Amino acid sequence: MSSSRPPSINVGSRPHDHAPLTPSGLRQSRTVSSSSTSDDIGDAAGPSTRHDHPNDETNETTSLLHHEHVHEGPCDHGTFSPRVSSPPPRAANLDSESGSTAGSESSVPASETQLKNWRRVFSSRVKSKKMTDSSNLAHQHGVKDSWKMYLSYYVPFLIWIKQYRWSWLKGDFTAAITIASMYLPMALSYADNLAHVPPINGLYAFAINPFIYALLGSCPLMVVGPEAAGSLLVGSIVKNSIDLGRGDEDNAVLQAQVAGVAVGIAGATVFLMGIFRLGFLDSVLSRPFLRGFISAIGVVIFIDQLIPVLGLHHAATSAPGVTHGSTVEKLEFVLTHLGDRHQLTAVIGVVGFTVIMVLREIKRRLQPRYPAVAYFPDRLIVVVLSAVFASSFDWEHKGVAVLGKIEAASGHSFAFRNPFQLSHMTHIRDAMGTSFLIGMLGFFESSVAAKSLGGEEIVEGMQLSPNRELVALGTANLCGACFMAIPAFGGYGRSKVNKSTGGKSPMSSIMLSLITIICILFLLPWFYYIPKPVLSALIMAVAWSLIEEAPHDVSFFIRIKGWTELSLMAVILAVTVFFSLNLGIAIGIGLSLLQVIRHATRPRIQILGRIPNSDRFANAEEHPEDLEFVEGCLIVKIPEPLTFANTGELKNRLRRLELYGTGNAHPALPRLRPQASNKNVIFDIHGVTSMDGSGTQVLEEIVRNYRDRGVRVFFSRPVSRQNKVWEMMERSGIVELVGGKNRFVDDVKDALRMTEVEEFEGAGACAAASDELS
């Protein structure tokens with residue numbers, strides 16, 4: 001028996017109470033000689049062995065690579081910012097220095113000293129941890145740190161106004177004039193036809209919101225203004241208020257108040273999201289959701305505007321349930337009542353829509369060759385010519401609806417009204433849900449536009465920040481709500497026009513606000529004869545642009561077989577068209593959030609196999625036939641932080657890997673992987689960069705269960721000992737459960753060597769016990 005005894009290997013006096021009592025023949029293809037065992041033992045000492053040699057020297061002469069220790073003990077400062085070594089102060093100098101300090105302090109007046117102390121205390125209380133760390137970092141690199149620097153970050157106006165050049169003024173003014181000529185008629189149409197509020201409220205959105213965003217926004221080229229989707233949602237709130245008996249359709253004051261309340265809630269929601277740093281939510285809703293929702297809005301708006309374009313407004317008003325009905329009901333009404341149309345109105349509307357679409361297509365084709373075409377105000381020309389014709393041929397008395405006298409509902413332009421008055425509590429309750437959707441949708445659209453535009457190459461130091469965008473958009477809409485403006489957010493099309501027509505800075509937004517204010521104060525009488533069918537034709541052109549973007553995304557998802565994304569788009573479109581816009585939004589957001597939760601809660605652990613003739617390991621579930629499985633070892637990789645969200649199914653997923661060697665097997669199958677294959681479990685935790693309390697508790701339960709079953713547990717590639725993950729493992733007892741810090745090693749191969757060593761150690765102990773019994 002003694003001749004067959006394996007070589008005795010002394011690995012130290014540390015006992016392993018939870019080691020299996022019976023030896024197992026591990027890794028027969030791998031032999032461990034006694035000479036190499038001592039090396040392996042040294043390698044298996046864990047990650048701390050790399051830091052346990054303070055006297056190591058290197059031949060490198062570069063200061064960044066030279067390990068110069070300026071103090072005793074481990075270094076806890078960064079490699080790229082080494083501390084300058086300085087001799088310790090002498091005791092004699094301490095007294096002299098303290099004396100000189102006291103003398104200097106005594107020479108300073110007490111009031112000035114108290115003022116400095118007060119400023120220091122206030123600064124330490126107000127500054128966040130990141131600001132404090134940034135101050136220390138700036139001090140280390142000799143950079144001046146002041147409150148102006150942080151104030152400029154949160155108020156970007158202080159950044160770009162210092163860099164503004166007079167050469168930019170021409171481009172900014174040209175861009176502002178171009179945007180005003182194209183989009184001010186759109187604002188009138190959005191307010192009157194979609195939001196169902198006085199047209200002047202649409203102009204308020206261009207008079208106030210761009211100015212506020214120019215001061216606080218972090219995207220210098222983005223121009224905020226009213227959008228079709230937000231206006232349509234405000235119109236749904238106004239219609240719902242009328243349906244609930246809050247007022248009649250002719251009460252312009254009530255409609256403006258309801259719009260102000262809705263925009264105020266949307267602005268407050270977005271503002272609070274920015275204060276609480278929820279800018280990451282722009283990634284929560286998927287692109288298929290946004291595309292499906294925007295396409296659905298395009299269909300709803302297009303069909304809705306067919307009624308005024310074809311001169312069916314009076315017929316729709318007299319027919320019950322059409323004005324506030326679903327999109328399908330409106331389409332059915334249009335198809336069945338074409339004979340009731342107003343002939344002149346239909347001709348004006350159809351011709352206006354055709355001219356707008358033709359000019360739009362001509363501009364699109366000519367602009368790559370002739371960039372100056374972008375300055376051509378095609379929409380303004382259509383609106384002006386239609387107004388001239390309406391005035392000259394007296395269209396108003398021939399039955400064509402014109403915009404009429406434009407005035408504020410209260411009778412005074414820019415009348416301030418608090419949207420959160422207690423008297424508006426009924427409207428606040430009615431508008432709460434839809435207003436939240438207005439804010440979320442506006443932020444998503446603004447985020448897409450801001451990311452596409454950039455602008456850091458123009459204004460140095462302006463960095464795009466989702467949280468600051470939320471604060472800027474929320475503040476702008478809160479200010480607009482005080483004047484009962486319709487919601488205004490960033491739009492890619494409008495901002496692209498700003499960039500292509502010479503806009504260089506947020507000054508173009510300020511000039512746009514000034515131009516709009518001039519229009520409100522002096523030019524409103526000129527808008528009297530604008531035909532409403534032409535304004536509806538403008539909205540139909542916008543709706544068509546929303547719809548025409550969908551085929552590209554649909555063809556892309558068909559090409560990659562993205563059936564889940566196509567199903568989501570189809571569901572949102574169908575529910576919106578057949579039922580209502582709010583229900584479509586609610587179902588779309590619900591399905592998107594379910595996808596996010598499902599993705600976040602699914603553990604992504606992998607079983608690893610060794611690549612032949614190497615010490616590298618790969619995912620064994622992808623190509624198991626190309627890998628080697630180490631006998632008696634289950635190697636599991638955890639590639640992500642452990643949180644309450646993804647540890648709920650961690651035990652079940654790990655159990656499947658033990659039973660079947662893959663997570664793709666159905667749990668109805670019997671065990672396919674022998675029990676002996678799981679005597680050693682090695683966790684590769686390189687991706688576990690953070691853990692919360694729930695994740696730590698689940699991991700502790702898993703490790704305890706393995707220990708009770710006599711399974712050895714090792715951790716490879718752990719984080720630094722100074723990391724919070726290591727602290728959580730120590731406090732929870734995981735380090736003690738696995739057998740100490742030596743079970744945490746630098747690589748999977750080091751853990752495999754340790755399993756071999758402990759197998760030989762266990763075999764030697766069993767052989768010695770049998771000799772004593774014999």
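No experiment lies behind these values; they were computed from the predicted model shown.
Here the closest non-hydrogen pair linking S592 and F289 is OG-CB, 3.4 Å. The two residues S295 and I547 make their nearest non-hydrogen contact at O-CG1, 4.1 Å. Across all their heavy atoms, R360 and S545 have their closest contact at NH2-CB, 3.7 Å. Across all non-hydrogen atoms, the minimal contact from P531 to A387 is CD-N, 3.9 Å. Across I307 and F333, no two heavy atoms sit closer than the pair CD1-CD2, 4.5 Å. Between V322 and K330, the closest heavy-atom pair is O-CE, 3.4 Å.
Within 6.0 Å of the CZ atom in F436, the count of heavy atoms belonging to other residues, nucleotides or ligands does not exceed 12. Within a 6.0 Å radius of NE2 in H424, other residues, nucleotides and ligands contribute more than 12 heavy atoms. Other residues, nucleotides and ligands contribute over 12 non-hydrogen atoms within 6.0 Å of the CD atom of E548. The environment of NZ in K239 is crowded: more than 12 heavy-atom neighbours from other residues, nucleotides or ligands sit within 6.0 Å. By the neighbour-count criterion of 12 heavy atoms within 6.0 Å, atom CZ of F280 is densely surrounded, having more than that number from other residues, nucleotides or ligands. Residue-environment remark: CG (L422) stays at or below the threshold of 12 foreign heavy atoms within 6.0 Å.
In terms of modelled atom types and a separation under 3.5 Å, the side chain of H342 and the main chain of K398 share a donor-acceptor contact. Between the side chain of S447 and the backbone N or O of F443 there is no donor-acceptor pair closer than 3.5 Å. Judged by distance alone, the side chain of S386 and the main-chain N or O of V534 form no donor-acceptor pair under 3.5 Å. One N or O on the side chain of S446 and one on the backbone of G490 form a donor-acceptor pair closer than 3.5 Å. Checked by atom type and distance alone, the side chain of N477 pairs as donor or acceptor with a backbone atom of A488 at under 3.5 Å. In this structure, the side chain of Q421 engages the main chain of N418 through a donor-acceptor pair within 3.5 Å. Checking side-chain atoms of S231 against main-chain N and O of A228 turns up no donor-acceptor pair under 3.5 Å. Put simply, the side chain of T434 never gets that close to the backbone of A431: no donor and acceptor are under 3.5 Å apart. With D692 contributing its side chain and F644 its backbone, the two residues share a donor-acceptor pair below 3.5 Å. With hydrogens and angles disregarded, no donor-acceptor distance shorter than 3.5 Å links the side chain of H337 to the backbone of D340.
If you run side-chain hydrogen bond (donor to acceptor under 3.5 Å, both in side chains) between S218 and each of E469, R468, Q463, only E469 comes through. Shown are N193, L203, L538, I200; of these, the side-chain contact (heavy atoms from CB on, under 4.5 Å) with L188 is made only by L203. Of the options T475, L470, L473, a side-chain contact (heavy atoms from CB on, under 4.5 Å) to F271 is made by T475 and by none of the others.
With rounding to the nearest 0.5 angstrom, the CG atom of N201 is 9.5 Å from the CD atom of Q255. Remark: N240 CG to D430 CG distance equals 6.0 Å, nearest 0.5 Å. Rounding to the nearest 0.5 Å gives a distance of 12.5 Å between CD of E227 and CG of L232. Residue D304 holds its CG atom at 7.0 Å from CG of L194, rounded to the nearest 0.5 Å. Rounded to the nearest 0.5 angstrom, W544 CH2 and M357 CE are separated by 6.5 Å. Taking CG from L535 and CD from Q305, the interatomic distance works out to 9.5 Å, rounded to the nearest 0.5 Å.
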### Task
Any chance you could lay out the side chain to side chain contact (heavy atoms under 4.5 Å, CB included) test for C519 and W526, step after step, and finish with the verdict?
CA-CA 9 Å; C519 290; W526 294 84; over 6 Å; no

### Query
Run the side chain to side chain contact (heavy atoms under 4.5 Å, CB included) check on R429 and M425 step by step: do they pass?
CA-CA 6 Å; R429 285 195 298 265; M425 190 57 63; 3.4 Å; yes

### Query
Would I303 and V334 count as a side chain to side chain contact (heavy atoms under 4.5 Å, CB included) if you check the C-alpha gap in whole Å, the side-chain angles of each, and the deciding distance to 0.1 Å?
CA-CA 9 Å; I303 296 176; V334 170; 5.5 Å; no

### Task
Given side chain to side chain contact (heavy atoms under 4.5 Å, CB included), test I301 with M540 step by step and report yes or no.
CA-CA 7 Å; I301 293 175; M540 287 183 64; over 6 Å; no

### Message
If you apply the rule side chain to side chain donor-acceptor pair (under 3.5 Å), what do you find for S508 with N498, and how did you get there?
### Response
CA-CA 8 Å; S508 59; N498 178 42; 3.1 Å; yes

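For residues 527-547, the pairs satisfying salt bridge (Lys or Arg N to Asp or Glu O under 4.0 Å) are D192-K532, with sequence neighbours left out. Each ring-ring contact (aromatic ring centres under 6.0 Å, His included) pair with one or both residues in residues 176-205, not counting sequence neighbours, appears once here: Y204-F414. Pairs engaging residues 205-247 under the ring-ring contact (aromatic ring centres under 6.0 Å, His included) rule: none recorded [sequence neighbours left out].
In this structure the side chain of M569 never reaches within 4.5 angstrom of the side chain of L573, judged on heavy atoms. Using a 4.5 Å heavy-atom cutoff, the side chains of I237 and V258 are in contact. Counting only heavy atoms from C-beta outward, the side chains of T345 and H313 never approach each other to under 4.5 Å. Side-chain contact between V350 and L310 is present, with heavy atoms from C-beta onward closer than 4.5 Å. Counting only heavy atoms from C-beta outward, the side chains of M432 and I265 approach each other to under 4.5 Å. Put simply, the side chain of L254 does not reach to within 4.5 Å of the side chain of V238, judged on heavy atoms. Side-chain contact between S509 and V224 is absent, with no heavy atoms from C-beta onward closer than 4.5 Å. Side-chain contact between T327 and F579 is absent, with no heavy-atom pair separated by less than 4.5 Å.
Relative orientation of the F483 and F416 rings is perpendicular, given thresholds of 30° and 60° on the angle between their planes.
Residues E565 and R291 are not paired through a salt bridge, judged by the lack of any N-O separation under 4.0 Å between the basic side chain and the carboxylate.
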